[in-house]
There are 2 protein chains.
Amino acid sequence: MKPSGKIVSRLSEQGYRLTPQRMMILSVIEGGGGHISAEEIYAQVAAKYPYVNISTVYRTLELLKRLGLVTETDLGDGRLRYHPAEKGHHHHLVCTECGVVINLDESVLARLEDVLLHRYNFSADLKHMAIFGRCANCSE
Amino acid sequence: MKPSGKIVSRLSEQGYRLTPQRMMILSVIEGGGGHISAEEIYAQVAAKYPYVNISTVYRTLELLKRLGLVTETDLGDGRLRYHPAEKGHHHHLVCTECGVVINLDESVLARLEDVLLHRYNFSADLKHMAIFGRCANCSE
DNA sequence: TTTGTAGTTGCACTTAATTGCAATAAAAGG
DNA sequence: CCTTTTATTGCAATTAAGTGCAACTACAAA
């Protein structure tokens, strides 16, 4: 699995270097099923290419996040999850009682994003949110 | 400063013990201006009463959060912030570019909470949210 | 007031994430 | 192909937060 040319050229255009570490990290992020953690990325990369450090993974994720190429979301399991933007946006409802995760269409937050933009001139990043609460079962 | 009888009796009623550590932690949370971090609470408590451990602070906060007595919010500065529920709910817009924090009335998320409840039977905890994005100035 | 017990705490350790800094290497230009 | 510049990495250390477990203690009951 190779990283998509889209992300690679985006990095290149902006003056970021295409190191082997970044390439490996990118292909893992794009190759998997999404919602992957930094440690999981590290483990998968290190299995094939030992010359990577966990801090490089974190720094690469920080970069990709800043460029809007991946989203970072806390799904309540103690580690941040990363999801490639190209796989499409959505949100999650996370039950703090039983842990169930319900997927939500992106459109659910569209109106809020709109209100924040027009009323506060604030360009909210609502690409991949996790909303905590209690699911139907756990509400009693 | 003493902790409010309301919180104390709530803890007591539910079978939780009123230890001196908890009392000190509570009074610091209620006494300050809100949005305090665990380390700040610890420092303030330890100054007056050395017999406290930072892990007790974390565990007390976890308890208060679970009971809905304090809210826990990531305002983007690398530490979670705690706010007593009794001081009233509100939200924040946090600019990831310049760090400015804009306060938002609770009502801004009321509609979303409603939609999630009726459409998904999900009782969302939208008491004290931080929404990240770019403020008017930083949007260019 | 004493006792029993289950909730709490302190301590040491672990984990996820971040950071300073010297060494390294990508990539543009000669 | 070699040199230069500067982005990037690895390493070690740090920080915020969470946890297992034995010792302790709040508080209800005797």
Side-chain angles (χ1 to χ4, degrees), chain A residues 3 7-26 29 35-46 49-67 70-82 96 99 130 132, chain B residues 3 7-26 29 35-46 49-67 70-82 96 99 130 132:
Chain A
I7 293 187
V8 170
S9 56
R10 172 74 188 282
L11 288 176
S12 185
E13 278 165 24
Q14 312 234 344
Y16 297 104
R17 293 181 183 169
L18 306 179
T19 67
Q21 289 89 342
R22 279 187 182 158
M23 292 310 210
M24 293 294 292
I25 292 168
L26 276 176
I29 293 174
H35 302 105
I36 191 171
S37 73
E39 293 281 348
E40 286 165 359
I41 293 170
Y42 173 67
Q44 287 187 41
V45 171
Y49 180 82
Y51 312 106
V52 204
N53 191 276
I54 184 74
S55 65
T56 298
V57 174
Y58 279 111
R59 279 189 278 230
T60 299
L61 289 170
E62 206 270 321
L63 171 65
L64 297 174
K65 179 176 58 169
R66 205 171 57 239
L67 295 178
V70 306
T71 56
E72 176 188 74
T73 309
D74 170 17
L75 291 178
D77 65 344
R79 48 187 60 193
L80 295 171
R81 301 269 160 193
Y82 297 88
T96 51
F132 295 92
Chain B
I7 294 188
V8 169
S9 56
R10 173 74 187 283
L11 287 176
S12 184
E13 278 165 24
Q14 312 235 345
Y16 297 104
R17 293 184 181 165
L18 306 178
T19 66
Q21 289 90 339
R22 280 186 181 160
M23 292 310 209
M24 293 293 291
I25 292 168
L26 276 177
I29 293 174
H35 302 106
I36 192 171
S37 73
E39 292 281 347
E40 286 167 359
I41 294 169
Y42 173 67
Q44 286 188 41
V45 171
Y49 180 81
Y51 313 106
V52 203
N53 192 278
I54 184 73
S55 64
T56 299
V57 174
Y58 280 111
R59 280 191 277 231
T60 300
L61 288 170
E62 206 271 320
L63 171 64
L64 296 174
K65 179 177 56 169
R66 204 170 57 241
L67 296 178
V70 305
T71 56
E72 177 188 73
T73 309
D74 170 15
L75 291 178
D77 65 344
R79 47 186 60 193
L80 296 171
R81 301 267 160 193
Y82 297 88
T96 51
F132 295 92

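Naming convention: chains lettered A, B, ... in sequence-line order (proteins, then strands); numbering from 1 in each chain.
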Sequence-distant partners of A/Thr96, side-chain hydrogen bond (donor to acceptor under 3.5 Å, both in side chains), two or more places apart
none

Just the rounded figure in Å: distance from P of C/dA17 to CG of B/Asp77.
17 Å

For B/Thr73, which residues count as a side-chain contact (heavy atoms from CB on, under 4.5 Å) partner, sequence neighbours excluded?
B/Thr71, B/Leu75, B/His128, B/Ala130

Tell me, for nucleotides 5-12 of chain D in 5' to 3' order, what letter each nucleotide earns: B for a base near a protein heavy atom under 4.0 Å, S for only sugar-phosphate near one, - for neither?
-BBSBBB-

How many whole angstroms separate atom OH of A/Tyr42 from atom C1' of C/dT15?
15 Å

Distance, rounded to the nearest Å, where A/Glu39 contributes CD and C/dT14 contributes P:
15 Å

Please enumerate all residues that pass side-chain hydrogen bond (donor to acceptor under 3.5 Å, both in side chains) together with A/Asp74, with sequence neighbours excluded.
none

Salt bridge check: are B/Arg81 and B/Glu40 linked by an N-O gap of less than 4.0 Å?
yes

CE of B/Met23 versus C1' of D/dT25: gap in Å, rounded?
14 Å

From CG of B/Leu61 over to C1' of C/dT9, roughly how many Å is that when rounded to an integer?
15 Å

Whether B/Tyr58 contacts D/dA17 is assessed here as follows: a side-chain N or O lying under 4.0 Å from the phosphate OP1 or OP2. Is that the case?
yes

Start at the 5' end of DNA chain D and walk down; is the nucleotide closest to B/Tyr82 or to B/Pro20 reached first?
B/Tyr82

Check side-chain contact (heavy atoms from CB on, under 4.5 Å) between B/Glu13 and all other residues, then give those that pass, not counting sequence neighbours.
B/Ser9

What is the distance from CD of B/Gln14 to P of C/dT8, rounded to the nearest Å?
11 Å

Which residues pass the side-chain contact (heavy atoms from CB on, under 4.5 Å) test with B/Ala46, not counting sequence neighbours?
B/Tyr42

When rounded to whole Å, the CD to C1' distance for the pair B/Glu62 and C/dG7 reads 14 Å

